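On a predicted model such as this, the values are computed, not experimentally measured, just so you know.
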Amino acid sequence: MRISDLITKEIIRMLNESEENVAEIQRNEFAGLMGCAPSQINYVLSSRFTPEHGYIIESRRGGGGYIRIKRVVLNSSSALMHIINSIGDEIDALSTRIVIENCLEAGLITREIARVMAAAVSGSVMQNVPIILRDNLRASILKQMLMIQL
């Protein structure tokens with residue numbers, strides 16, 4: 001498992017254990033615990049914990065500084081519409097996997113639906129599609145599959 005996946009898993013674990021859906025970390029200290037550079041924490045936060053993925057990041061700099069990750073809690077229809085609207089015209093394979101995992105963790109889709117979605121946008125399905133069109137097709141398929149969950 002890659003370090004970015006481990007960092008993501010740990011932050012999600014912290015969010016799941018919080019009654020308020022909030023995880024608070026000190027970047028350097030957290031990087032030390034995870035055995036990585038602080039810049040790796042920044043990368044994970046900026047790529048996987050975005051508003052499009054259902055998170056809000058707050059930070060305070062300085063000696064007592066922190067990074068606070070909040071999971072936005074919406075009803076399932078609102079959450080799905082927010083996700084669909086955030087996808088845009090294109091989505092890469094990694095972002096697609098993150099969207100599907102987030103939907104599963106939030107209880108917006110079942111494990112079975114998540115597996116079907118992942119299969120529908122997999123590399124084996126996309127292999128005959130010209131590379132320049134793959135992210136566009138993947139976004140269309142993902143949005144349609146999420147829309148039928150409404």
Hey, quick one: are [X] and [Y] part of the same hydrophobic cluster, counting side-chain heavy atoms closer than 4.5 Å, chains of contacts allowed?
{"X": "Met117", "Y": "Leu150", "result": "yes"}
{"X": "Val129", "Y": "Met145", "result": "yes"}
{"X": "Leu142", "Y": "Ile132", "result": "yes"}
{"X": "Ile91", "Y": "Val116", "result": "yes"}
{"X": "Leu33", "Y": "Val44", "result": "no"}

According to salt bridge (charged side-chain N to carboxylate O under 4.0 Å, His left out), who are the partners of Arg48, at least two apart in sequence or on a separate chain?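 In terms of salt bridge (charged side-chain N to carboxylate O under 4.0 Å, His left out), with neighbours along the sequence ignored, Arg48 is linked to Asp5.
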
Does Glu105 have any salt bridge (charged side-chain N to carboxylate O under 4.0 Å, His left out) partners at least two apart in sequence or in another chain, and if so, which?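 None.
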
Residue pair [X] / [Y], side-chain heavy-atom distance below 4.5 Å:
{"X": "Leu108", "Y": "Ile83", "value": "yes"}
{"X": "Leu45", "Y": "Ile11", "value": "yes"}
{"X": "Tyr66", "Y": "Arg27", "value": "no"}
{"X": "Phe49", "Y": "Ile57", "value": "yes"}
{"X": "Met14", "Y": "Ile25", "value": "yes"}
{"X": "Ile67", "Y": "Gln26", "value": "no"}

Ile41: which of Ile7, Ile3, Asn28 passes side chain to side chain contact (heavy atoms under 4.5 Å, CB included):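 Only one of Ile7, Ile3, Asn28 forms a side chain to side chain contact (heavy atoms under 4.5 Å, CB included) with Ile41, namely Ile7.
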
Run through Leu133, Ile131, Ile141 and flag the one making a side chain to side chain contact (heavy atoms under 4.5 Å, CB included) with Met126.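 Result for side chain to side chain contact (heavy atoms under 4.5 Å, CB included) with Met126: Ile141.
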
Gap separating the [atom1] atom of [X] from the [atom2] atom of [Y], nearest 0.5 angstrom:
{"X": "Ser4", "Y": "Lys9", "atom1": "OG", "atom2": "NZ", "value": "12.0 Å"}
{"X": "Ser77", "Y": "His82", "atom1": "OG", "atom2": "NE2", "value": "14.5 Å"}
{"X": "Asp89", "Y": "Ser140", "atom1": "CG", "atom2": "OG", "value": "8.0 Å"}

Among pairs that include at least one residue of [range], which meet side chain to side chain donor-acceptor pair (under 3.5 Å), considering only residues two or more places apart or in two chains?
{"range": "residues 112-134", "value": "Ser122-Ser124"}
{"range": "residues 141-150", "value": "none"}
{"range": "residues 29-41", "value": "none"}

Do you know which two heavy atoms are closest between [X] and [Y], and how far apart they sit?
{"X": "Ile87", "Y": "Ala139", "answer": "CG2-CB, 3.8 Å"}
{"X": "Tyr43", "Y": "Leu94", "answer": "OH-CD2, 4.4 Å"}
{"X": "Lys70", "Y": "Val22", "answer": "CG-CG2, 3.7 Å"}

If only side-chain N and O atoms count, and only distance matters, is there a donor-acceptor pair under 3.5 Å linking Asn21 with Ser18?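 No, because no side-chain N or O of Ser18 sits under 3.5 Å from a partner of the opposite role on Asn21.
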
Which residue pairs pass the salt bridge (charged side-chain N to carboxylate O under 4.0 Å, His left out) test when at least one of the two sits in residues 118-127, sequence neighbours left out?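 Passing the test, one end in residues 118-127: no pairs.
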
Spell out, as yes or no, whether a donor-acceptor pair under 3.5 Å connects the side chain of Asp92 to the backbone of Asp135.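 No; zero donor-acceptor contacts below 3.5 Å.
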
With no hydrogens and no angle check, is any side-chain donor or acceptor of Ser46 less than 3.5 Å from a backbone partner on Asn42?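 Looks like yes, one N/O pair under 3.5 Å.
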
Apply side chain to side chain contact (heavy atoms under 4.5 Å, CB included) to Arg97 and Glu101, showing your working. CA-CA 6 Å; Arg97 184 177 63 113; Glu101 287 174 3; 3.4 Å; yes

Take Ile109 and Ile100, measure what side chain to side chain contact (heavy atoms under 4.5 Å, CB included) needs, and give me the verdict at the end. CA-CA 8 Å; Ile109 58 174; Ile100 292 170; 4.2 Å; yes

